[in-house]
Amino acid sequence: DDCRHISAKFDGFELHNLYIPAGGDEPDRTVNEKFGHKLDFVDEMTEFFTSNYTAQSPLVVVGDFNIAPHEHDVWSHKQLLKVVSHTPIEVEKLNAMKASLNWTDTARHFVPEDEKSYSWWSYRNRDWKKSNRGRRLDHIWVTEPLAQRLKSYNAPSHMRDWTKPSDHVPAIIELAD
């Protein structure tokens with residue numbers, strides 16, 4: 001009911017766009033209803049995909065997942081472990097969703113996990129580039145039939161310098177024909 005999932009069928013695959021709730025500021029569902037909603041939404045999407053598709057269904061899921069799952073998806077793993085977007089419970093839920101159809105995380109398919117990779121930088125930093133306190137909140141995942149066709153991934157950070165930019169930059173993949 002909260003309009004966070006839309007899909008479209010294309011020739012050869014289905015595209016699903018998700019906007020996972022941000023989750024508020026406090027990473028505790030007992031005091032923060034928004035955080036509970038976020039965790040429940042990820043569980044619901046996991047159930048949706050496993051109930052309606054298999055790992056061999058040609059699928060792409062994209063969107064602002066509001067979760068940076070890996071150590072180098074955030075500017076400081078240690079400092080952000082208790083900050084919404086990188087808490088262990090969020091990462092656990094997102095990893096369960098990823099495992100449900102054996103999704104390929106296209107960013108980490110091309111960018112090794114020990115390298116920093118971001119798609120979002122807060123407006124609060126005057127010089128986003130100098131501070132480089134980013135997070136990788138925007139994701140593109142594909143199922144196995146499409147993983148074999150991956151050609152490239154890019155999150156063009158230079159777009160963050162545009163006039164009146166978003167705090168997010170796009171995540172882009174290219175698939176072979």
Side-chain angles (χ1 to χ4, degrees), residues 1-7 14-53 55 59-109 111 113-126 128 131-143 153 155 157 159-160 165-171:
D1 291 335
D2 54 355
C3 304
R4 294 180 175 275
H5 174 212
I6 191 167
S7 65
E14 278 188 39
L15 175 69
H16 293 260
N17 188 311
L18 306 180
Y19 177 47
I20 294 176
D25 293 328
E26 183 63 41
D28 180 346
R29 73 165 50 241
T30 62
V31 297
N32 177 6
E33 184 178 304
K34 291 179 180 181
F35 191 69
H37 179 223
K38 178 180 194 170
L39 300 177
D40 293 344
F41 182 85
V42 177
D43 287 342
E44 290 168 15
M45 292 314 306
T46 302
E47 174 63 25
F48 169 81
F49 284 115
T50 57
S51 294
N52 292 287
Y53 304 97
L59 302 173
V60 178
V61 64
V62 303
D64 179 353
F65 288 8
N66 276 307
I67 301 171
H70 301 290
E71 179 177 343
H72 294 290
D73 290 343
V74 295
W75 62 272
S76 175
H77 171 68
K78 189 175 182 178
Q79 287 179 266
L80 294 176
L81 281 173
K82 294 182 180 178
V83 174
V84 173
S85 79
H86 189 63
T87 63
I89 187 67
E90 291 169 283
V91 171
E92 176 186 320
K93 298 278 188 187
L94 192 66
N95 283 338
M97 183 175 138
K98 185 173 174 270
S100 71
L101 291 184
N102 194 29
W103 294 96
T104 295
D105 177 344
T106 62
R108 291 303 177 191
H109 179 81
V111 181
E113 280 191 37
D114 64 349
E115 289 183 24
K116 296 284 188 185
S117 180
Y118 307 143
S119 64
W120 176 90
W121 294 263
S122 174
Y123 286 129
R124 293 182 185 142
N125 291 316
R126 272 207 150 122
W128 73 271
S131 69
N132 201 25
R133 291 183 172 206
R135 300 179 200 175
R136 187 172 68 94
L137 303 177
D138 305 280
H139 296 261
I140 303 175
W141 294 355
V142 297
T143 53
Y153 165 85
S157 61
M159 294 175 80
R160 188 64 176 75
S166 170
D167 49 356
H168 296 259
V169 298

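Quick caveat, the model's predicted, so the values are computed rather than measured.
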Classify the angle between the aromatic ring planes of W141 and W103 as parallel (below 30°), tilted (30 to 60°) or perpendicular (above 60°).
-> tilted

Classify the ring geometry between Y53 and F49 as parallel (under 30°), tilted (30 to 60°) or perpendicular (over 60°).
->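 The arrangement is tilted - the two ring planes meet at 30° to 60°.
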
Look at atom [atom1] of [X] and say whether more than 12 heavy atoms of other residues, nucleotides or ligands are closer to it than 6.0 Å.
{"X": "E33", "atom1": "CD", "value": "no"}
{"X": "I89", "atom1": "CD1", "value": "yes"}
{"X": "N52", "atom1": "CG", "value": "yes"}

May I ask you to decide if [Y]'s main-chain N or O and [X]'s side chain share a donor-acceptor pair within less than 3.5 Å?
{"X": "T87", "Y": "V83", "value": "no"}
{"X": "T106", "Y": "I140", "value": "yes"}
{"X": "T50", "Y": "E47", "value": "yes"}
{"X": "H139", "Y": "V62", "value": "no"}
{"X": "N32", "Y": "G23", "value": "yes"}

[X] side, atom [atom1]; [Y] side, atom [atom2] - distance, nearest 0.5 Å:
{"X": "I67", "Y": "S85", "atom1": "CD1", "atom2": "OG", "value": "8.5 Å"}
{"X": "R4", "Y": "N17", "atom1": "CZ", "atom2": "CG", "value": "12.0 Å"}
{"X": "E71", "Y": "L80", "atom1": "CD", "atom2": "CG", "value": "11.5 Å"}
{"X": "M97", "Y": "M45", "atom1": "CE", "atom2": "CE", "value": "6.0 Å"}
{"X": "S131", "Y": "W121", "atom1": "OG", "atom2": "CH2", "value": "10.5 Å"}
{"X": "H109", "Y": "Y153", "atom1": "NE2", "atom2": "OH", "value": "13.0 Å"}

Begin from the C-alpha positions of F65 and S119 and carry the test side-chain contact (heavy atoms from CB on, under 4.5 Å) through to its verdict.
-> CA-CA 11 Å; F65 288 8; S119 64; over 6 Å; no

For residues [X] and [Y], report the shortest heavy-atom separation together with the two atoms involved.
{"X": "H72", "Y": "D114", "answer": "CD2-CA, 3.5 Å"}
{"X": "T46", "Y": "K93", "answer": "OG1-O, 4.5 Å"}
{"X": "H16", "Y": "S7", "answer": "ND1-CB, 3.3 Å"}
{"X": "K38", "Y": "N66", "answer": "NZ-O, 2.6 Å"}
{"X": "P69", "Y": "V91", "answer": "O-CG1, 3.5 Å"}
{"X": "D28", "Y": "T30", "answer": "OD1-OG1, 2.5 Å"}

Looking at side-chain heavy atoms only, is the closest gap between [X] and [Y] below 4.5 Å?
{"X": "H70", "Y": "R136", "result": "yes"}
{"X": "L59", "Y": "V142", "result": "no"}
{"X": "F48", "Y": "S100", "result": "no"}
{"X": "M159", "Y": "P165", "result": "no"}

Could you give me the CA-CA distance, side-chain angles and deciding distance for I20 and V42, then say whether side-chain contact (heavy atoms from CB on, under 4.5 Å) is met?
-> CA-CA 7 Å; I20 294 176; V42 177; 3.9 Å; yes

Option among N132, D138, V169, L137 that satisfies the side-chain contact (heavy atoms from CB on, under 4.5 Å) test with Y118 |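 When N132, D138, V169, L137 are each tested with Y118, the side-chain contact (heavy atoms from CB on, under 4.5 Å) holds only for N132.
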
Stepwise side-chain contact (heavy atoms from CB on, under 4.5 Å) test for E14 and V60 = CA-CA 6 Å; E14 278 188 39; V60 178; over 6 Å; no

Among K116, R135, R108, which one satisfies side chain to side chain donor-acceptor pair (under 3.5 Å) with D73?
-> R108

Below 4.0 angstrom, N of the basic side chain to O of the carboxylate: do D40 and R29 qualify?
->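 R29 and D40: salt-bridged.
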
H77 vs L81, side-chain contact (heavy atoms from CB on, under 4.5 Å): CA-CA, chis, key distance, verdict | CA-CA 6 Å; H77 171 68; L81 281 173; 3.4 Å; yes

For the residue pair Y19 and H5, is the inter-centroid distance of their aromatic rings smaller than 6.0 Å?
-> no

